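In the text below, chain A, chain B and the rest are named by the order of the sequence lines, each starting its count at 1. Computed from a predicted structure; not experimentally measured.
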Amino acid sequence: MGLPDSSQDLSTEMEVDAFRRIFPLRFFERHLSESLRPDGRQLGKARDTIVNLGLVSTADGSALAKIGSTTMLAAIRMEVMTPSTDSPDEGCIALEFHMPPICSPTVRPGRPADAAPVISKRLSDTILSSGMIDLKELCLVSGKAAWMGYLDIYCLDADGALFDAALLSAVAAFSNLQIPVVALNDNGRIVAITGGKDQDNASITEKEAVNKEKRKLTLKNIPFSLTCILHKTYILADPTTEEESIMDTLVTVVLDSSDQMVSFYKSGGTALAYSSAIKSCVELARKRAKEVKQILGEMDID
Amino acid sequence: MEIDREDGRTPNQLRPLACSRNILHRPHGSASWSQGDTKVLAAVYGPKAGAKKNENAEKACFEVIWKPKTGQIGKVEKEYEMIMKRTIQSICVLTVNPNTTTSVIIQVVHDDGSLLPCAINAACAALVDAGIPMKHLAVAICCCLADSGYVVLDPNKLEEKKMTAFAYLVFPNTTLSVLSEGSSVAKGESVEHGIITSVTHGLMSVDDYFLCVENGRAATASLSAFFRKNFQQSQRDSSKAG
């Protein structure tokens, strides 16, 4: 059954849409045989990526990342807390990934999406594994006070490759983060200093007191991720929701700036991953890491 | 330069395996799987009528419920449930019983390292006990990377904590075929070399990951042989009783 030529009148265009809905796999395979995807991308090409920083004024650090239509908003708030006795010199990061009903028609209010806690855990594992953040930098007074960072990532539009966009927004938010200035007051409690006010018996207890200026975290080893679909002999990089729903084998490769593998995540799926497919996915991830590095570099991140 | 493991095993040696099936009476299939001290109980109920919401009604649907030994259910358990559900979906034949739901319940009895692979193996054994149609078994193994670059298989909890990185790998089981050619070849590799599921933690180089995969593949042969022996044994016992 040949695909109708879409350059003809409206009635034929309706047929293409109907074909896309009724025979989605054949519609995609027809494109894959020409090494293209319905949106005109090459198989190994990711969608356009945009990163914006500092959008949420009430947060200590925030970023918006868009990969194609997938939009993630990340925001960090810092709070002072007592570190645990096992690690008195380390702060803590609490990461939460939310999928509000705005992001997708399948998410209903009151019933959390299945994917949300899984992506949340994968993100915290990835950020921890990569060693991007040195928790010792978050220490204020050893054993008594340390910073706790609450990172919330909101999915505003779920159009495939949620993990990639969420990781990118988290990394950008951390780069935008400015740790507030605090002082130790008489009672031994940490209080925030608000611009120019003179606190009596204030002693700056930050590790690197840079003249009462807000400081940024040093980010080493930034992780970059790429999700691919394995379908027969094809490997599609950066899938959309439509592609993910038809072809169910997803592979996520996370590489860091020194080309080490932070994570290779494949969760079931009809296609098996052979060594050749793994190598191709890693190659695509390397190219993608260079692209994203350039995008972040243009915004003076790291 | 050999690695000294506390319990005296070689790097490629697995802990003693034990599997018993049909241990619970209410579930349609059940199995208990232990690797050393890690023990997991799996129960299968199904197929039950009706697919779940948002699931494709033209295929059989699976749900996994993971119960930890202690504590409340959190993100860790949800992630394990999702990984197991997708792994089970890829090994079972989904077209035989459309519009049905099969529940797999995993109860952790004791966690001494390599918990997720143990649970996947237990779930496979329970699915076989319940008679759910499957394409092949899923054989799961944990490979970790030590500082010196050695790959160590099937670590216990202490070893897992010490290692720089580890990977949970799931492969299809090795086939015993009457034909000398064996199973279908894809670009020079046979079906049993493909990875069904892979979850990694920690930093490792790409070459180290391939090393883990190779060692994991080699170990699936002994795990598959154990599965086969175990199933044939109980078949023989039941036919004797019958």
Asks: Does A:Tyr265 reach the side chain of B:Thr200, with side-chain heavy atoms less than 4.5 Å apart?
Replies: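 Side chain of A:Tyr265 against side chain of B:Thr200, heavy atoms only: no contact under 4.5 Å found.
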Asks: Give, for atom CD of A:Gln260 and atom CG of B:Asp208, the distance between the pair rounded to the nearest 0.5 Å.
Replies: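 Between A:Gln260 CD and B:Asp208 CG, I get 8.0 Å after rounding to 0.5 Å.
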Asks: Can you name the closest pair of heavy atoms from B:Ser90 and A:Gly269 and give their distance?
Replies: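 Looking at all heavy atoms of both residues, the shortest contact is CB-O, 3.2 Å.
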Asks: Answer whether the closest heavy-atom distance between the side chains of A:Thr270 and B:Lys135 falls below 4.5 Å.
Replies: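 Side-chain contact under 4.5 Å: yes.
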Asks: Other residues, nucleotides and ligands only: do more than 12 of their heavy atoms fall within 6.0 Å of NZ on B:Lys48?
Replies: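 Yes - once you tally the heavy atoms of other residues, nucleotides and ligands closer than 6.0 Å, there are more than 12.
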Asks: Measure distances from B:Val170 to the heavy atoms of chain A and classify the residue's part below 4.5 Å as side chain, backbone, both or neither.
Replies: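 The answer is neither part of B:Val170.
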Asks: Which region of A:Arg111, side chain (C-beta onward) or backbone (N, CA, C, O), has a non-hydrogen atom less than 4.5 Å from a non-hydrogen atom of chain B, or is it both or neither?
Replies: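 Interface part for A:Arg111: neither.
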Asks: Spell out, as yes or no, whether a donor-acceptor pair under 3.5 Å connects the side chain of B:Lys75 to the backbone of A:Ser120.
Replies: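 No; judged by distance alone, with no hydrogens or angles, the pair does not exist.
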Asks: Is any side-chain heavy atom of B:Arg217 closer than 4.5 Å to a side-chain heavy atom of A:Ser275?
Replies: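 SC-SC contact between B:Arg217 and A:Ser275 confirmed.
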Asks: Do B:Tyr209 and A:Ile278 make a side-chain contact, defined as non-hydrogen atoms from C-beta onward lying under 4.5 Å apart?
Replies: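 SC-SC contact between B:Tyr209 and A:Ile278 confirmed.
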Asks: Could you look at B:Tyr80 and say if it's the side chain, the backbone, both or neither that has a heavy atom under 4.5 Å from chain A?
Replies: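 Nothing of B:Tyr80, per the 4.5 Å heavy-atom cut-off to chain A.
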Asks: Among residues 93-101 of chain A, which ones touch chain B with a heavy-atom distance under 4.5 Å?
Replies: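 Listed by number: A:Leu95, A:Glu96.
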Asks: Heavy atoms, side chains only, cut-off 4.5 Å: are B:Phe210 and A:Lys279 in contact?
Replies: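 Counting from C-beta outward, B:Phe210 and A:Lys279 do come under 4.5 Å.
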Asks: Check whether B:Lys53 gets within reach of chain A through its side chain, its backbone, both or neither, counting any heavy atom under 4.5 Å.
Replies: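 Neither part; nothing is under 4.5 Å.
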Asks: What is the minimum heavy-atom distance between B:Ile195 and A:Lys266, and which atoms define it?
Replies: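 Closest approach of B:Ile195 to A:Lys266, heavy atoms only: O-NZ, 3.1 Å.
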Asks: Roughly how far apart are B:Leu203 CG and A:Leu255 CG, rounded to 0.5 Å?
Replies: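 One finds 10.5 Å between CG of B:Leu203 and CG of A:Leu255.
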Asks: Does A:Ile102, at its CD1 atom, have more than 12 non-hydrogen atoms belonging to other residues, nucleotides or ligands within less than 6.0 Å?
Replies: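 No.
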Asks: Counting only N and O atoms by type, is there a donor-acceptor contact under 3.5 Å from the side chain of B:Lys78 to the main-chain atoms of A:Asp114?
Replies: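 A pair under 3.5 Å: no.
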Asks: Checking an interface table here. Which of residues 125-135 of chain A come within a heavy-atom distance under 4.5 Å of chain B?
Replies: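 Those residues of residues 125-135 of chain A which have a heavy atom under 4.5 Å from chain B are A:Asp125, A:Ser129, A:Ser130.
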Asks: So which atom in B:Val206 and which in A:Asp259 form the shortest heavy-atom distance, rounded to 0.1 Å?
Replies: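 Result for this residue pair: CG2-O, 4.4 Å.
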Asks: So with a 6.0 Å cut-off around CZ of A:Arg77, is the heavy-atom count from everything else above 12?
Replies: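 Result for CZ/A:Arg77: open.
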Asks: Taking A:Arg122 for the side chain and B:Glu79 for the main chain, is one N or O donor matched with an acceptor at less than 3.5 Å?
Replies: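 Not at all, since once roles are kept as given, no pair shorter than 3.5 Å links the two residues.
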Asks: Enter the distance from A:Leu272:CG to B:Ile196:CD1 here, rounded to the nearest 0.5 Å.
Replies: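 The distance works out to 6.0 Å.
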Asks: Is it the backbone or the side chain of A:Val262 that comes under 4.5 Å from a heavy atom of chain B, or both, or neither?
Replies: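 For A:Val262, backbone and side chain are both near chain B.
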Asks: Looking at B:Ala138, B:Gly202, B:Ala167, B:Gly74, which makes the most heavy-atom pairs under 4.5 Å with chain A?
Replies: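 Looking at each of B:Ala138, B:Gly202, B:Ala167, B:Gly74 in turn, B:Gly202 comes out on top.
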